[in-house]
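Count residues from 1 along the sequence.
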Amino acid sequence: MRVRVGLGQGVVVAALGLGLVGCGVQPTGVVGAGEPASGVTRGMRLYYASDSGLRGVPLLDEDIRDLNEVVKLLAQEPPPAEQRDGLTSLVSLGGYSVTGTGTRVTVRFEGPDPMPGRGQATGQLVCSLARAQSVLDPTARADDVEVTIRPTEGAAQGPYRCAEFLNG
């Protein structure tokens with residue numbers, strides 16, 4: 001079976017073919033764009049310790065109005081579902097107070113620092129407070145919040161950023 005194409009139809013087919021071929025879009029290979037997006041996302045969450053490092057858990061049923069409330073929640077165990085997933089809280093506190101302005105948060109402890117060093121307990125505190133400060137003050141990005149720990153006995157620690165504790 002032969003199909004006859006008239007001259008007018010042939011010109012139209014040729015023009016469409018040239019239009020598709022000559023549109024200027026050239027095929028390319030894979031283009032590297034760097035690492036995937038990272039950093040702390042928006043919304044309130046508490047950070048808990050696990051065998052694989054810190055994990056953030058969204059706070060859905062709590063209305064946080066003060067940084068001191070965050071520390072109080074951290075001193076409790078995580079909800080049962082998170083406990084089943086292997087999460088725990090290493091934060092154990094006596095007297096404390098927390099203040100925050102912009103991207104600066106200060107935790108004051110009575111006596112020596114109950115969580116000395118750069119362990120997961122300190123990371124829980126730093127990351128949870130950084131997140132809370134960014135929620136309470138939307139002009140502060142959680143990635144930019146610095147947390148300083150000042151015990152009444154001993155040297156101050158920090159300032160720390162959450163990213164220091166999320167990479168391992």
Over all atoms of both residues, closest heavy-atom pair of Gly111 and Pro151: O-CB, 3.2 Å
Between Arg45 and Gly56 (side chain of the first, backbone of the second, donor and acceptor by atom type, cut-off under 3.5 Å), is there such a pair? yes
Going by the rule side-chain contact (heavy atoms from CB on, under 4.5 Å), which residues pair with Ser50 if we only count those two or more places apart in sequence or in a different chain? Ser52, Arg55, Leu87
Applying side-chain contact (heavy atoms from CB on, under 4.5 Å) to Thr152 and not counting sequence neighbours gives none
Is there a side-chain contact between Arg150 and Val107, using heavy atoms and a 4.5 Å cut-off? no
Do any side-chain atoms of residues 121-128 form donor-acceptor pairs under 3.5 angstrom with protein atoms, and if so which ones, sequence neighbours left out?
unit_1, atom_1, unit_2, atom_2, d
Thr122, OG1, Met115, O, 2.9
Thr122, OG1, Gly117, O, 2.9
Gln124, OE1, Leu90, N, 2.8
Gln124, NE2, Tyr47, O, 3.0
Gln124, NE2, Ser89, OG, 3.3
Ser128, OG, Tyr47, N, 2.8
Ser128, OG, Gln124, O, 2.9

Checking side-chain contact (heavy atoms from CB on, under 4.5 Å) between Arg161 and each of Val145, Val147, Asp144, which is the one that passes? Asp144
Nearest heavy-atom approach of Ile64 to Val70 is CG2-CG2, 3.8 Å
Taking only residues two or more places apart in sequence, or in another chain, which ones meet Arg65 in a side-chain hydrogen bond (donor to acceptor under 3.5 Å, both in side chains)? Asp63
So which pairs with a foot in residues 112-141 pass ring pair (Phe, Tyr, Trp, His ring centres under 6.0 Å), sequence neighbours left out? none
My understanding is that only residues two or more places apart in sequence, or in another chain, count here; which of them pass side-chain contact (heavy atoms from CB on, under 4.5 Å) with Pro79? Tyr48, Glu82
In short, ring pair (Phe, Tyr, Trp, His ring centres under 6.0 Å) pairs touching residues 105-161 with sequence neighbours left out are Tyr160-Phe165
Applying side-chain contact (heavy atoms from CB on, under 4.5 Å), run through Thr106 and Val98 and close with a yes or a no. CA-CA 6 Å; Thr106 302; Val98 186; over 6 Å; no
Side chain proximity check, Leu73 to Leu59, heavy atoms < 4.5 angstrom: yes
Could you tell me which non-hydrogen atom of Ala140 sits nearest to which non-hydrogen atom of Ser134, and how far apart they are? O-CB, 3.0 Å
Do Thr99 and Val105 have side chains that approach each other closer than 4.5 Å (heavy atoms only, starting at C-beta)? no
Under the side-chain hydrogen bond (donor to acceptor under 3.5 Å, both in side chains) test, residues paired with Tyr96 that sit two or more places apart: none
Taking side-chain hydrogen bond (donor to acceptor under 3.5 Å, both in side chains) as the definition, give me every residue that meets it alongside Asp85, ordered by chain and number, with sequence neighbours left out. none
Donor-acceptor pair, side chain of Gln133 and main chain of Gly102, under 3.5 angstrom: yes
With rounding to the nearest 0.5 angstrom, report the CG to CG distance, Asp66 to Leu136. 7.5 Å
Nearest atoms (heavy-atom pairs only) where Leu129 meets Leu67: CD2-O, 3.8 Å
Checking Arg118 now: which residues fulfil salt bridge (Lys or Arg N to Asp or Glu O under 4.0 Å) with it, not counting sequence neighbours? Glu164
Under the rule for side-chain hydrogen bond (donor to acceptor under 3.5 Å, both in side chains), what residues qualify as partners of Gln83, not counting sequence neighbours? none
Test side chain to side chain donor-acceptor pair (under 3.5 Å) on Gln157 and Thr148; report intermediate values, then the result. CA-CA 6 Å; Gln157 290 188 62; Thr148 301; over 6 Å; no
